[in-house]
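Working notes for the structure below.
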2 protein chains.
Amino acid sequence: MKVEAKLNPTYEEIVDIFNRALSKEAIVNIFAHCRVFYDGRAKSELGPGDRVILIKPDGSFLIHQKEKREPVNWQPPGSSVGLEVKEDKIFLRSIRRKPREILEVELLNVYLISYFQAEDYEELALTGSEAEMADLIFENPSLIEDGFKPLFKEKPIKHGIVDVLGVDKEGNIVILELKRRRADLHAVSQLKRYVEAMREEHEKVRGILVAPSLTSGAKKLLEKEGLEFRKLTPPKRGKSKRGRQKTLFD
Amino acid sequence: MKVEAKLNPTYEEIVDIFNRALSKEAIVNIFAHCRVFYDGRAKSELGPGDRVILIKPDGSFLIHQKEKREPVNWQPPGSSVGLEVKEDKIFLRSIRRKPREILEVELLNVYLISYFQAEDYEELALTGSEAEMADLIFENPSLIEDGFKPLFKEKPIKHGIVDVLGVDKEGNIVILELKRRRADLHAVSQLKRYVEAMREEHEKVRGILVAPSLTSGAKKLLEKEGLEFRKLTPPKRGKSKRGRQKTLFD
DNA sequence: CGTGCCAGGTGCCGT
DNA sequence: ACGGCACTTGGCACG
């Protein structure tokens with residue numbers, strides 16, 4: 001069976017279904033009233049409440065409250081999960097090694113347990129990333145400025161890795177730091193670090209922050225440091241047609 | 001009913017259960033074979049496959065494949081969800097405004113639809129954060145060095161916000177950048193930015209990176225810049241009587 | 001593996 | 001809202 005679901009299961013049914021799900025490498029889904037304990041890189045406690053628990057066959061373990069995109073507690077892929085019944089209590093326990101982390105869920109009441117032997121061979125195809133900004137600049141360097149010649153992508157230097165390294169028409173070394181979204185102080189610091197590292201060994205080095213926009217603070221720091229800005233929005237490459245993104249949702 | 005679940009539902013049952021879930025502000029959980037389209041800050045497409053869909057009453061929308069901690073597609077809290085049946089096809093659509101983003105799920109087959117009217121009044125209590133490192137330093141400044149006097153926490157300066165600002169026994173201004181985990185190049189850049197900003201207006205300014213450890217690159221840059229390092233691991237404060245605070249006093 | 005860095009980052013808290 | 005930043009960040013690519 002690819003999917004199974006049981007409302008208000010007994011302890012025996014929970015154990016039974018859980019083990020069957022594990023053997024099938026299915027995704028386990030539990031609606032439960034529970035308490036949660038975590039100890040590892042940090043440590044946390046969560047009192048009794050209703051949550052959704054998701055356990056994936058790769059060891060990922062998610063506990064979701066009824067709000068927010070983020071799980072309140074979790075365990076990353078590679079963790080090992082187990083179910084334990086002792087003294088009229090039932091626990092889910094997930095252990096990660098390196099770093100050692102333990103997630104423990106006391107199931108006070110299980111409203112629903114289900115599993116899903118999911119078959120999925122598709123991968124996400126995403127466009128509009130920073131990497132595509134770099135590609136775009138290599139295809140059309142004049143987007144930065146007339147005479148700009150990009151030479152390296154993801155080039156390791158003394159203290160970090162430069163997004164794009166090139167030269168301008170006057171022979172200056174040009175360092176580009178790309179941001180797919182509005183650039184902040186962090187981005188300026190990053191660019192400054194690269195520029196200073198290159199200036200240790202070269203005469204004329206320019207630094208250009210390339211992004212759709214700048215925060216106010218980033219603009220101030222950029223100007224103070226004598227760095228530059230070029231406005232550029234990451235492209236959304238259409239799979240088939242060159243048209244705008246209106247094709248699907250209008 | 002607090003929980004409801006239907007295996008292999010008809011279109012009508014899907015609509016029925018989905019609407020009931022919405023009116024109860026329940027969490028909706030769907031096991032489905034589906035395709036996914038997203039357009040917003042970026043744009044993506046995901047071909048047919050089995051996924052778990054979670055829709056929360058706050059508008060959060062998660063689509064999980066069978067691996068990884070992260071959803072393959074999602075919509076953040078505040079988004080509006082709708083279910084639409086047209087021409088023998090059934091779609092889930094979630095819209096976010098500001099920025100405008102659309103997530104569309106074509107449900108090719110629904111194995112299970114369930115909802116959970118979760119009641120939860122508990123919040124996570126977590127310890128071992130960077131904020132607690134700051135508290136610890138204010139309680140025991142000699143952890144940094146003898147004679148250190150912390151003055152401000154989260155102090156806004158010219159180009160950013162300093163974690164801890166204080167003075168040493170010789171009257172130098174001291175800037176602390178705290179990291180709860182191994183500090184990297186980014187952390188050093190951050191500290192350097194604060195130190196340089198303060199040096200514009202003060203004579204003697206020291207910068208100290210406070211973290212459990214340093215990456216090799218961070219160490220190199222830190223030394224080159226004349227910045228300092230103090231080893232400190234974020235404390236895990238025991239909530240109850242079980243004094244697990246050994247790390248504090250040994 | 002550790003190092004470095006992007007992410008549709010998310011979430012929190014300030015002005 | 002915009003800004004600055006932490007996060008059990010997660011995930012990836014590369015040496």
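Just so you know, these numbers use all the heavy atoms, side chains as well, and skip hydrogens, waters and symmetry mates. Just so we're on the same page: letters track the sequence lines, and every chain starts at 1.
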Please give, in whole Å, the distance from [N] [atom2] to [X] [atom1]?
| X | N | atom1 | atom2 | answer |
| --- | --- | --- | --- | --- |
| A:Leu62 | C:dT10 | CG | P | 16 Å |
| A:Asp58 | D:dG10 | CG | P | 13 Å |
| B:Lys179 | D:dT8 | NZ | C1' | 15 Å |
| A:Leu221 | D:dG4 | CG | P | 10 Å |
| B:Leu124 | C:dC12 | CG | P | 11 Å |
| A:Ile161 | C:dT3 | CD1 | C1' | 7 Å |
| B:Gln75 | C:dG11 | CD | P | 12 Å |
| B:Asp184 | D:dT9 | CG | P | 12 Å |

Can you find a side chain N or O atom of [X] that sits less than 4.0 Å from OP1 or OP2 on [N]?
| X | N | result |
| --- | --- | --- |
| A:Arg41 | D:dC7 | no |
| A:Lys68 | C:dT10 | no |
| A:Trp74 | D:dG10 | yes |
| B:Tyr194 | D:dG4 | no |
| B:Arg69 | C:dG9 | no |
| B:Gln190 | D:dA6 | yes |
| B:Arg181 | D:dA6 | no |

For [X], answer base if it contacts any base atom (sugar-phosphate contacts may also be present), sugar-phosphate if it contacts only those atoms, and nothing otherwise; contact means non-hydrogen atoms under 4.0 Å.
| X | answer |
| --- | --- |
| B:Pro156 | nothing |
| A:Glu101 | base |
| A:Gly217 | sugar-phosphate |
| B:Pro99 | nothing |
| B:Arg100 | nothing |
| A:Ser216 | sugar-phosphate |
| A:Arg96 | nothing |
| A:Gly160 | sugar-phosphate |

From the set [options], return the single nucleotide nearest to any side-chain atom of [X].
| X | options | result |
| --- | --- | --- |
| A:Glu70 | C:dC5, C:dG8, C:dG11 | C:dG11 |
| B:Lys98 | D:dG4, D:dA1, D:dG11 | D:dA1 |
| B:Glu177 | D:dG11, D:dA6, C:dT10 | D:dA6 |
| B:Leu103 | D:dA6, C:dG8, C:dC6 | C:dG8 |
| B:Asn73 | D:dT8, C:dG8, C:dC6 | C:dG8 |

Q | Short side-chain to backbone donor-acceptor contact, B:Arg180 and A:Arg41, under 3.5 Å | A |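 Here the side-chain-to-backbone pair exists.
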(Q) Please check this pair: side chain of A:Asp50 against backbone of B:Ala118, looking for a donor-acceptor N/O pair closer than 3.5 Å. (A)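 Judged by distance alone, no pair lies under 3.5 Å.
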More than 12 heavy atoms from other groups under 6.0 Å of [atom1] on [X]:
| X | atom1 | value |
| --- | --- | --- |
| B:Glu25 | CD | no |
| A:Lys219 | NZ | no |
| B:Glu123 | CD | no |

Q | Atom P, compared across C:dC5 and D:dT8: separation rounded to whole Å | A |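 Comparing P positions in C:dC5 and D:dT8 gives a spacing of 22 Å.
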Q: Could you measure between the two P atoms, the one in C:dG4 and the one in C:dG8, and give it in whole Å?
A: 23 Å
Q.
Taking salt bridge (charged side-chain N to carboxylate O under 4.0 Å, His left out) as the criterion, tell me which of B:Arg93, B:Arg96, B:Lys43 meets it with B:Glu101.
A.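 The residue from B:Arg93, B:Arg96, B:Lys43 that satisfies salt bridge (charged side-chain N to carboxylate O under 4.0 Å, His left out) with B:Glu101 turns out to be B:Arg96.
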Q) On DNA chain D, nearest-nucleotide positions of B:Ala131 versus A:Thr215: which is more 5'? A)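 So the residue in question is A:Thr215.
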Q: Using the closest heavy atom to pick a nucleotide of DNA chain D for each, name whichever of A:Arg182 or B:Glu67 lands nearer the 5' end.
A: A:Arg182
Q. Does a donor on one side chain sit under 3.5 Å from an acceptor on the other, for A:Arg182 and A:Ser213?
A.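 Checked: A:Arg182/A:Ser213 side chains pair up, N/O donor to acceptor below 3.5 Å.
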Q) With nearest nucleotides of DNA chain C determined for A:His159 and B:Ala42 from heavy-atom distances, which residue corresponds to the more 5′ nucleotide? A) A:His159
